[in-house]
Amino acid sequence: MEKKNFNKSVMKEINFDSIDIGNNIEHDIKEYSKEFNIDRTVLNNIEIPKDLKKSANSSFEGVKKEIRKNIRYQILDLLLVSIILLPIVGSINPKLFENIPSVYPIFKSINKIIHIDNLKSLIYISDGKEVIEGSESSSVNTVYIKEKDMTEPKSNNEAIKFIHSLANTLIKSDYKWQCGEVTPKTIELALKGVENIEDDYDRMHLRNSLTKWKKGDFSNAVKVHNYVWEMLDGNVGKAEELDNDQINKIINKYY
């Protein structure tokens with residue numbers, strides 16, 4: 001109650017007639033107006049377009065042109081990269097362009113000059129393929145692997161390469177990349193490795209073929225060589241003849 005009475009008494013003491021609110025507001029407006037300056041020349045030159053839609057579209061034309069320009073540059077970059085990469089790809093694998101007679105001989109010649117297949121093998125770049133003996137691109141001296149350095153293959157690809165290296169020893173070819181020593185032990189390792197070959201028919205066929213080797217019969221070595229050669233995606237250099245001198249040495253030593 002006391003608070004209510006106090007408020008009333010305070011309000012009675014204020015002389016509202018002496019406060020000129022209107023004059024104060026008008027004064028403030030005039031002061032603010034002085035600071036707010038409009039250049040009427042600029043204002044008069046402002047034109048509202050008759051076709052607002054067309055005007056709005058024209059505002060975005062610059063952006064559209066820039067986007068189209070960037071797209072053209074991206075396409076140009078892709079073309080330049082393709083132009084640069086195609087010769088490299090063709091030199092590494094000319095067979096990809098075998099159906100394009102105009103460029104295939106060129107890529108094949110480059111591949112032959114730089115010996116790309118052997119280079120990949122030397123720097124341990126493996127693509128699952130061997131440097132196939134008899135290949136026109138092969139110039140590396142044959143690597144002969146001794147029995148003591150040969151271990152049991154543990155995968156499909158290792159098994160195929162292992163058999164291929166043994167078969168290289170048993171056939172004649174101008175070029176051979178890798179020849180494994182043929183002994184009863186390495187033949188046994190090959191037979192164990194055959195079990196890692198994924199395809200059922202290939203596994204059975206090679207098992208039967210190597211069983212003959214185990215008995216000292218190498219008469220099928222050309223067929224075995226070419227069989228695994230095709231599994232390794234060979235394209236040139238099929239074996240056509242047995243190395244009878246080498247086979248006789250093996251037979252005389254172990255059988």
Side-chain angles (χ1 to χ4, degrees), residues 95 117-255:
K95 194 177 180 182
D117 291 330
N118 296 327
L119 180 62
K120 288 193 293 182
S121 296
L122 287 173
I123 62 176
Y124 303 103
I125 298 177
S126 175
D127 56 3
K129 300 181 181 181
E130 291 279 3
V131 178
I132 306 302
E133 62 285 348
S135 168
E136 296 177 9
S137 64
S138 177
S139 65
V140 176
N141 292 330
T142 303
V143 176
Y144 293 94
I145 307 174
K146 293 292 185 180
E147 177 191 89
K148 63 182 180 64
D149 297 320
M150 300 175 73
T151 57
E152 181 184 334
K154 297 296 183 182
S155 68
N156 177 81
N157 202 43
E158 285 182 9
I160 296 169
K161 288 184 176 182
F162 193 98
I163 298 169
H164 182 231
S165 70
L166 295 182
N168 281 347
T169 304
L170 302 171
I171 56 98
K172 285 185 177 180
S173 179
D174 292 335
Y175 300 99
K176 297 179 184 180
W177 168 242
Q178 201 173 72
C179 290
E181 185 178 5
V182 179
T183 69
K185 181 180 177 180
T186 57
I187 293 172
E188 189 62 36
L189 290 174
L191 278 166
K192 290 180 180 179
V194 161
E195 301 309 316
N196 294 305
I197 293 179
E198 297 167 357
D199 185 86
D200 292 337
Y201 178 81
D202 291 338
R203 185 170 60 253
M204 179 183 66
H205 175 75
L206 290 170
R207 186 193 297 124
N208 292 337
S209 299
L210 293 175
T211 300
K212 294 182 179 181
W213 291 12
K214 190 176 181 179
K215 298 175 182 178
D217 179 4
F218 301 102
S219 59
N220 64 357
V222 169
K223 291 182 179 179
V224 172
H225 171 274
N226 290 339
Y227 193 90
V228 293
W229 174 83
E230 289 181 357
M231 293 176 73
L232 292 167
D233 295 330
N235 50 24
V236 291
K238 275 190 176 183
E240 297 180 357
E241 186 180 357
L242 292 171
D243 188 342
N244 288 312
D245 291 340
Q246 185 64 32
I247 290 173
N248 287 332
K249 289 179 182 178
I250 295 169
I251 293 173
N252 291 334
K253 185 174 182 179
Y254 298 108
Y255 300 96

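On a predicted model such as this, the values are computed, not experimentally measured, just so you know. The basis for the numbers below is simple: all heavy atoms, side chains too, and nothing from hydrogens, waters or symmetry mates.
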I145 side chain reached by T186 side chain, heavy atoms, under 4.5 Å: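 In short, these two side chains do not touch, never coming nearer than 4.5 Å.
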Quick one, K212 and N220 - any side-chain contact, counting heavy atoms below 4.5 Å?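 Yes, their side chains come closer than 4.5 Å.
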Over all atoms of both residues, closest heavy-atom pair of [X] and [Y]:
X    : Y    : result
R207 : E195 : NE-OE2, 3.0 Å
G193 : A159 : O-CB, 3.2 Å
A167 : A221 : CB-O, 4.4 Å
I250 : V182 : CD1-CB, 3.6 Å
L189 : M150 : CD1-O, 3.7 Å
V222 : E241 : CG2-C, 3.6 Å

Of the options L191, I187, L206, which is the one that meets T211 in a side-chain contact (heavy atoms from CB on, under 4.5 Å)? L191
Please list, chain by chain and in numerical order, all residues satisfying salt bridge (Lys or Arg N to Asp or Glu O under 4.0 Å) with E158, sequence neighbours excluded. none
With sequence neighbours excluded, what pairs up with K154 under the salt bridge (Lys or Arg N to Asp or Glu O under 4.0 Å) test?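 K154: salt bridge (Lys or Arg N to Asp or Glu O under 4.0 Å) contacts with E152.
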So, taking the atom named [atom1] in [X] and the one named [atom2] in [Y], what distance separates them when rounded to the nearest 0.5 Å?
X    : Y    : atom1 : atom2 : result
T169 : Q178 : OG1   : CD    : 9.5 Å
L242 : L170 : CG    : CG    : 7.5 Å
I171 : W229 : CD1   : CH2   : 11.0 Å
K172 : D245 : NZ    : CG    : 6.0 Å
Y144 : S165 : OH    : OG    : 12.5 Å
C179 : K146 : SG    : NZ    : 11.5 Å

Any sub-3.5 Å donor-acceptor pair from N196's side-chain atoms to P153's backbone N or O? yes
Should the pair E198-R203 be classified as a salt bridge under the 4.0 Å nitrogen-to-oxygen rule? no
Might you confirm whether atom CD of E240 has over 12 heavy atoms from other residues, nucleotides or ligands at distances under 6.0 Å? no
Between E181 and D149, is a side chain to side chain contact (heavy atoms under 4.5 Å, CB included) present by the stated rule, with each step listed? CA-CA 10 Å; E181 185 178 5; D149 297 320; over 6 Å; no
Check whether the side chains of S219 and D217 place a donor and an acceptor atom closer than 3.5 Å, and report yes or no.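 Yes, a side-chain donor-acceptor pair sits under 3.5 Å.
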Side chain to side chain contact (heavy atoms under 4.5 Å, CB included) evaluation trace for V224 with S209: CA-CA 7 Å; V224 172; S209 299; 3.6 Å; yes
Pairs flagged by side-chain hydrogen bond (donor to acceptor under 3.5 Å, both in side chains) wherever residues 246-255 is involved - sequence neighbours left out: none
Take V194 and I163 through the side chain to side chain contact (heavy atoms under 4.5 Å, CB included) test and state the conclusion after the steps. CA-CA 9 Å; V194 161; I163 298 169; 3.8 Å; yes
Pair T151, F162 - check side chain to side chain contact (heavy atoms under 4.5 Å, CB included), show working. CA-CA 9 Å; T151 57; F162 193 98; over 6 Å; no
